[in-house]
Enquirer: 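Below you will find the structure I want to go over with you.
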Amino acid sequence: MQLARRHFLAAAGSAATLALLPRRGGAQTIHLPFENGERPVVAFPQKRPLLLLTPRPPQLETPFAVFDNGVVTANDAFFVRWHEAQIPEKVDATTHRIAVTGAVNRALSLSLDDLAGMETIEYLAVNQCSGNGRGLSSPRVAGGQWENGAMGNARWTGVRLRDVLDRAGLKPSAKQVQFNGLDGPVLPSTPPFRKSLDLAVAQADDVMIAYAMNDAPLPLLNGYPVRLIVPGWYSTYWVKMLAAVTVLDHVDDNFWMKSAYRIPDTPDNSVVPGATGFPTIPINRMRVRSFITNFADSATLQAGPQTVRGIAFDGGSGIARVELSSDGGTTWLDAALEQDYGNYSFRRWNATFDAKPGLRALAVRATANDGAIQTPKAGWNPSGYLRNVIETYAVTVQ
Ligand SMILES: Nc1nc2c(c(=O)[nH]1)N[C@H]1C(S)=C(S)[C@@H](COP(=O)(O)O)O[C@H]1N2
Ligand SMILES: [Mo]
């Protein structure tokens, strides 16, 4: 509590002023493993060089090797995704307010000092874009062509959204809670980015308004000074630079809820490529996934005992088991699960196998505590959401 308060005060004291332009560019290029996968590696303010998808709005992917550095993703390596190009280059945390309005008994205008006076909560949680891995979709789909670096794991500190809602007092007509940041569209015809949660989700124990990320102020590009954290859910709901919390007496029908970020309402949320006219639902909890982090696809390994390391995570039930295959998924061996940082965090794992010379297909498969398991066949949907197929790595052992 004391500690968290100190972090908050550090965050409140620093007013970030940043020209949202890369400091360096073009020095290096990385090729992601799909068509048009060429990415310059550039450093934006408060960021180390990351893979540039678009400069305006900034969309930056984390180089995958970063995930081998530890369970937490460093703030300066954390991926960035914005929808609208009008992003403040300076936010003064001392004057920033969160307006709580709508179907409430008392409208509030909360300063960060007000938040500091409330009970603190803290946990590690994975922030993953719904479209993470979209570039690997087959057949290919439109949208930001991410490989698998549109995710990260951080320690978040803040207050319960529920405590804020309680302070405002909900009217009986309350149905959803809508969130809005300081960013906006360039053209008035573009719908502003707003996301909503059903009341039951918004009132859950662990949905947070966060003011610290890995014990430091949030980087501006990750939502300084405050953002919403909906642990276990895809980060489209994790609204950055949170400025408005509006309690709705209806189901939100704004563009970002009604038309975008929806998945097929079918078993497995999958459809046959090219299908149209199927019912959809808003995207929600993350699927179970796992990755190798200590080498990439196409790596060359030494023959003999080889230790493989990686990460796994799901939508909040936690990781029950991780298995490694060195024969393309025919046989599997159990990996050792490393320290448990909670059900919303990356779980590190390791496994040692006997590498026999030749071309080998390594594969990693995670099972979550809720019984969900990764499968060899990828589902498909028109927006390339929910990727969680078993990832395979073709390696040469010599
Ligand atoms: N205000 C605001 N919040 C936002 C968005 C946005 O465009 N504006 N994009 C969302 C989406 S789709 C993603 S993937 C995450 C990305 O979080 P990050 O940039 O901190 O990695 O922010 C979410 N929150
Ligand atoms: Mo996203």
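Note that these values count all heavy atoms, side chains included, but never hydrogens, waters or copies made by symmetry. In listed order, ligands and their atoms are each counted from 1.
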Enquirer: Numbering the atoms of ligand 1 from 1, which are under 4.0 Å from a heavy atom of Asn127?
Expert: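 Heavy-atom distances to Asn127 below 4.0 Å select 17 (O), 18 (P), 20 (O), 21 (O).
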Enquirer: Considering the heavy atoms of Trp238, write down every atom of ligand 1 situated less than 4.0 Å from one of them.
Expert: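 Per the distance check, 23 (C), 24 (N).
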Enquirer: Report the C-alpha separation of Arg162 and Asp205 in whole Å, then their side-chain angles, then the decisive distance to 0.1 Å, and conclude whether the salt bridge (Lys or Arg N to Asp or Glu O under 4.0 Å) test is met.
Expert: CA-CA 7 Å; Arg162 190 180 63 209; Asp205 232 15; 3.0 Å; yes
Enquirer: Using the rule side-chain hydrogen bond (donor to acceptor under 3.5 Å, both in side chains), only one of Gln178, Gln176, Arg194 pairs with Asp252; which is it?
Expert: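 Result for side-chain hydrogen bond (donor to acceptor under 3.5 Å, both in side chains) with Asp252: Gln178.
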Enquirer: Hey, is ligand 1 close enough to Phe79 that some N/O pair sits below 3.5 Å?
Expert: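 For ligand 1, there is an N or O atom that lies under 3.5 Å from one belonging to Phe79.
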Enquirer: Do the side chains of Asp253 and Lys258 get close enough for a salt bridge, i.e. N-O under 4.0 angstrom?
Expert: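 Not counted as a salt bridge, because no side-chain N and carboxylate O are separated by less than 4.0 Å.
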Enquirer: Using a 3.5 Å cut-off on N or O atoms only, is Glu84 in polar contact with ligand 1?
Expert: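 N/O-N/O distance below 3.5 Å does not exist for this pair.
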Enquirer: Against heavy atoms of His83, which atoms of ligand 1 measure under 4.0 Å?
Expert: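 Near His83, the atoms of ligand 1 are 5 (C), 6 (C), 7 (O), 9 (N), 10 (C), 11 (C), 12 (S).
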Enquirer: Are Gln128 and ligand 1 in contact, using a heavy-atom cut-off of under 4.0 Å?
Expert: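 Flag not set, Gln128 not near ligand 1.
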Enquirer: Please tabulate, for side-chain N and O atoms in residues 363-372, each donor-acceptor pair with protein atoms closer than 3.5 Å (sequence neighbours left out).
Expert:
| unit_1 | atom_1 | unit_2 | atom_2 | d |
| --- | --- | --- | --- | --- |
| Arg365 | NE | Glu323 | OE1 | 3.0 |
| Arg365 | NH2 | Glu323 | OE1 | 3.3 |
| Arg365 | NH2 | Glu323 | OE2 | 3.1 |
| Asn369 | ND2 | Ser317 | O | 2.7 |
| Asp370 | OD1 | Ala372 | N | 2.9 |

Enquirer: Is Glu147 salt-bridged to Arg39, cutoff N-O under 4.0 Å?
Expert: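 No, Glu147 and Arg39 are not salt-bridged.
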Enquirer: Can you list everything that forms a ring-ring contact (aromatic ring centres under 6.0 Å, His included) with Tyr234? Sequence neighbours excluded, please.
Expert: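 Partners of Tyr234 by the ring-ring contact (aromatic ring centres under 6.0 Å, His included) criterion come out as none, since no residue qualifies.
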Enquirer: At a 4.0 Å threshold, what atoms of ligand 1 neighbour a non-hydrogen atom of Cys129?
Expert: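 Listed by number with element, the hits are 14 (S).
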Enquirer: What atoms of ligand 1 come closer than 4.0 angstrom to any heavy atom of Val239?
Expert: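 Listed by number with element: 1 (N), 3 (N), 24 (N).
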Enquirer: Step by step, work out the side-chain hydrogen bond (donor to acceptor under 3.5 Å, both in side chains) result for Asp92 and Thr94.
Expert: CA-CA 5 Å; Asp92 185 347; Thr94 60; 2.5 Å; yes
Enquirer: Geometry only, no angles: is Thr236 polar-contacting ligand 1 at N/O separations under 3.5 Å?
Expert: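 For ligand 1, there is no N or O atom that lies under 3.5 Å from one belonging to Thr236.
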Enquirer: Should you measure from each heavy atom of Trp82, which atoms of ligand 1 turn up under 4.0 Å away?
Expert: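 In order of numbering, the contacting atoms are 1 (N), 2 (C), 7 (O), 8 (N).
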Enquirer: So Arg160 and Gln203, side-chain hydrogen bond (donor to acceptor under 3.5 Å, both in side chains) or not? Walk me through it.
Expert: CA-CA 8 Å; Arg160 266 187 209 96; Gln203 290 180 307; over 6 Å; no
Enquirer: To the nearest 0.1 Å, how far is atom 3 (N) of ligand 1 from its closest protein heavy atom, and which atom is that?
Expert: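 The closest one turns out to be Lys240 N, 2.9 Å.
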Enquirer: Pick, from Asn222, Asp183, Ile283, the option with the minimum heavy-atom distance to atom 2 (C) of ligand 1.
Expert: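 Nearest heavy atom to atom 2 (C) of ligand 1 lies in Asp183.
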Enquirer: How far is atom 5 (C) of ligand 1 from its nearest protein heavy atom, and which residue and atom name does that atom have?
Expert: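 Checking every protein heavy atom, the shortest distance to atom 5 (C) of ligand 1 gives Phe193 CE2, 3.4 Å.
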Enquirer: What I want to check is whether the side chains of Thr29 and Glu38 have a donor and an acceptor closer together than 3.5 Å.
Expert: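 Result is no, nothing qualifies.
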Enquirer: Can you tell me the protein heavy atom closest to atom 23 (C) of ligand 1 and the distance?
Expert: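 Minimum-distance protein heavy atom for atom 23 (C) of ligand 1 reads Ser235 O, 3.1 Å.
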Enquirer: Working to the nearest 0.5 angstrom, can you tell me the gap between Arg360 CZ and Leu301 CG?
Expert: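 Here the rounded value is 11.0 Å.
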Enquirer: Can you sort out which atoms of ligand 1 are near Tyr261, meaning under 4.0 Å from one of its heavy atoms?
Expert: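 Listed by number with element, the hits are 12 (S).
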Enquirer: List the closest protein heavy-atom neighbour of atom 22 (O) of ligand 1: residue, atom name, distance to the nearest 0.1 Å.
Expert: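 Answer, as residue, atom name and distance: Arg227 NH2, 3.5 Å.
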